[in-house]
Number of protein chains: 2
Amino acid sequence: MTSTSIKLSAIKTACKTCSLHDLCLPLGLDLGDIERLDEIVKRSRPLHKSEYLFNSGEKFTSIYAVRSGSIKTFTESEQGDEQITGLYLPGELIGLDAIHDNQHPCSAIALETTSLCELPFDSLEELSSQIPELHRQLFRIMSKEIAGDQSLLMLMAQKSADERLAAFLVNLSSRLKARNFSETEFNLTMSRKDIGNYLGLTIETISRTFSRFQSEGLLSTQRKYVNIHKLGELKELAGITDHCTTPDCPSKTA
Amino acid sequence: MTSTSIKLSAIKTACKTCSLHDLCLPLGLDLGDIERLDEIVKRSRPLHKSEYLFNSGEKFTSIYAVRSGSIKTFTESEQGDEQITGLYLPGELIGLDAIHDNQHPCSAIALETTSLCELPFDSLEELSSQIPELHRQLFRIMSKEIAGDQSLLMLMAQKSADERLAAFLVNLSSRLKARNFSETEFNLTMSRKDIGNYLGLTIETISRTFSRFQSEGLLSTQRKYVNIHKLGELKELAGITDHCTTPDCPSKTA
DNA sequence: CGCTCACTTGAAGCAAATCAATTAGTGTGG
DNA sequence: CCACACTAATTGATTTGCTTCAAGTGAGCG
């Protein structure tokens with residue numbers, strides 16, 4: 001199971017050749033630094049759909065970067081109700097919320113077949129104290145996560161069902177675009193139930209809202225497949241300030 | 001206005017004698033390190049009520065630690081509606097969400113007379129690369145902020161008005177307790193309107209809920225003054241998992 | 001004293017939740 | 001390959017918790 005060294009050379013993935021280069025940690029690092037980073041990265045077999053990456057309460061040891069696929073994180077209250085707290089796409093980092101008390105406050109599960117890079121935190125921390133630019137990059141990423149959560153909060157607090165779903169789709173669209181996927185045609189890896197949970201709505205409301213969007217010609221859906229016809233209108237509905245946390249964010253260019 | 005050096009010695013506040021020692025950055029640092037931290041800290045005149053600390057869109061230069069008083073942060077959408085994103089008490093750090101794109105995504109305003117420590121980020125970053133423990137502490141604090149936002153999210157997504165207000169009060173209570181204030185008697189520095197906005201509810205709902213809590217004997221209020229009579233019941237209402245981000249969090253001791 | 005502003009309380013309206021019934025996919029074993 | 005169960009999603013009818021609208025109260029202040 002843990003026969004890493006042999007397979008590694010076979011897979012031959014490396015930060016410097018990774019297509020997520022400019023989304024993930026290596027942004028702004030020089031070649032030598034990237035090689036040092038590469039040395040601490042562990043790459044294991046991909047997770048299948050519904051497999052756990054870690055469980056709530058587990059000891060925190062590593063940060064994970066999504067290489068392909070997608071992951072959802074969620075917390076569970078003792079009443080048993082579950083709240084999805086994050087959806088992670090390729091190039092995004094999972095586990096940043098676990099640093100402060102050394103255990104994961106949420107569980108993480110694969111929404112589809114997903115491969116990851118594991119970054120043992122001790123090594124990452126040590127390396128980042130030697131490479132100031134890595135250090136800065138880590139701060140930036142954590143800061144971005146904070147800012148992203150806060151705009152999601154804003155969404156929850158005072159948006160209607162329509163606005164929430166629109167914002168969710170627009171956000172997903174722009175994140176996919178930044179990863180060179182289509183911004184208008186994609187597959188939702190989350191179920192209606194998950195989306196509802198994530199947005200603080202019921203499955204019925206999500207379903208109805210999708211139906212209405214479709215009858216209004218904004219988009220068409222077929223189960224998990226979504227085709228956005230009027231991205232502009234959807235953005236407007238979402239409140240334009242598409243609570244985006246992506247590099248292509250319009251507010252950045254301002 | 002910026003005649004700092006003279007006044008500084010007069011005020012004579014220093015991290016090592018600060019009562020917030022174990023809440024703020026110096027946690028776990030040795031005396032020598034604290035002195036080095038002290039050298040980069042700027043302490044200016046206190047802010048009066050309703051004065052701005054910084055404005056949304058402003059260039060990010062410093063992190064601020066609250067020494068006394070309280071600060072609220074909020075974002076404003078182009079439609080003009082405002083969303084409060086944070087309430088900061090003594091010992092807490094403001095501005096962590098601004099690191100990633102070098103400008104503040106929200107505005108910060110004093111809720112009462114408030115004094116702060118300003119930590120120029122460049123210096124802090126440099127110092128933290130020299131002091132591993134400071135480095136670690138910064139990560140912990142940012143991580144805690146992420147985890148805190150996520151539980152607030154959970155609150156918004158699937159809690160009733162009662163549960164939200166209860167959770168808010170319980171959270172405030174435990175944070176005040178950690179600062180050696182009473183956990184049952186305190187003044188709300190936020191108005192009903194602000195509380196409503198923060199929790200995604202209207203001012204009327206907040207008012208009604210307070211009235212009901214009072215008639216049920218859970219607490220009594222007189223304008224901003226709150227006296228909690230049955231903290232236990234309130235905690236239960238809040239869902240026990242008091243989305244706490246404080247050192248005395250029960251889940252920590254588990 | 002009368003003004004304003006923050007808060008309280010009541011009544012009506014509405015968006016989303018809940019309850020309920022169907023339909024469409026997915027998987028399983030005969 | 002087809003019947004079977006099982007889950008995901010859709011659609012409709014009803015209920016409800018919160019908002020909105022509206023009026024009133026009380027504290028603080030010139």
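So you know, we letter chains A, B, ... as the sequences are listed, proteins then strands, and number each from 1.
The stretch residues 201-214 of chain A comes close to DNA chain C through L201(A), T202(A), E204(A), T205(A), R208(A), each having a heavy atom under 4.0 Å from the strand.
From the 5' end on, the contacts that DNA chain D makes with chain B at under 4.0 Å to a non-hydrogen atom open and close at dC18(D) to dC21(D).
Residues E185(A) and Y225(A) have side chains that bring a donor and an acceptor to within less than 3.5 angstrom of each other. Under 3.5 Å, the side chains of S62(B) and E118(B) contain a donor-acceptor pair of N or O atoms.
The side chain to side chain contact (heavy atoms under 4.5 Å, CB included) search around F181(A) returns L176(A), R179(A), not counting sequence neighbours. Every side chain to side chain contact (heavy atoms under 4.5 Å, CB included) that I203(B) has, sequence neighbours left out, goes to R192(B), K193(B).
The environment of H48(B) atom NE2 is sparse: at most 12 non-hydrogen atoms of other residues, nucleotides or ligands sit within 6.0 angstrom.
The pair R45(A)-E51(A) meets the salt-bridge criterion, since a charged nitrogen lies less than 4.0 angstrom from a carboxylate oxygen. Residues R212(B) and D162(B) are paired through a salt bridge, judged by an N-O separation under 4.0 Å between the basic side chain and the carboxylate.
Counting only distance, with no hydrogens or angles, the side chain of E58(B) and the backbone of N55(B) share a donor-acceptor pair below 3.5 Å.
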Protein-nucleotides 22-27 of chain C N/O pairs under 3.5 Å:
none

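With the end axes of the helix from dC1(C)-dG30(D) to dG30(C)-dC1(D) each set by five pairs, the angle from one to the other reads 30° at 10° resolution.
As rounded to whole Å, 17 Å separates atom C1' of dA17(C) from atom NZ of K159(B). One atom, CG of N197(A), and another, C1' of dA17(C), lie 15 Å apart when rounded to the nearest Å. Distance D194(B) CG to dC5(C) P: 16 Å, rounded to the nearest Å.
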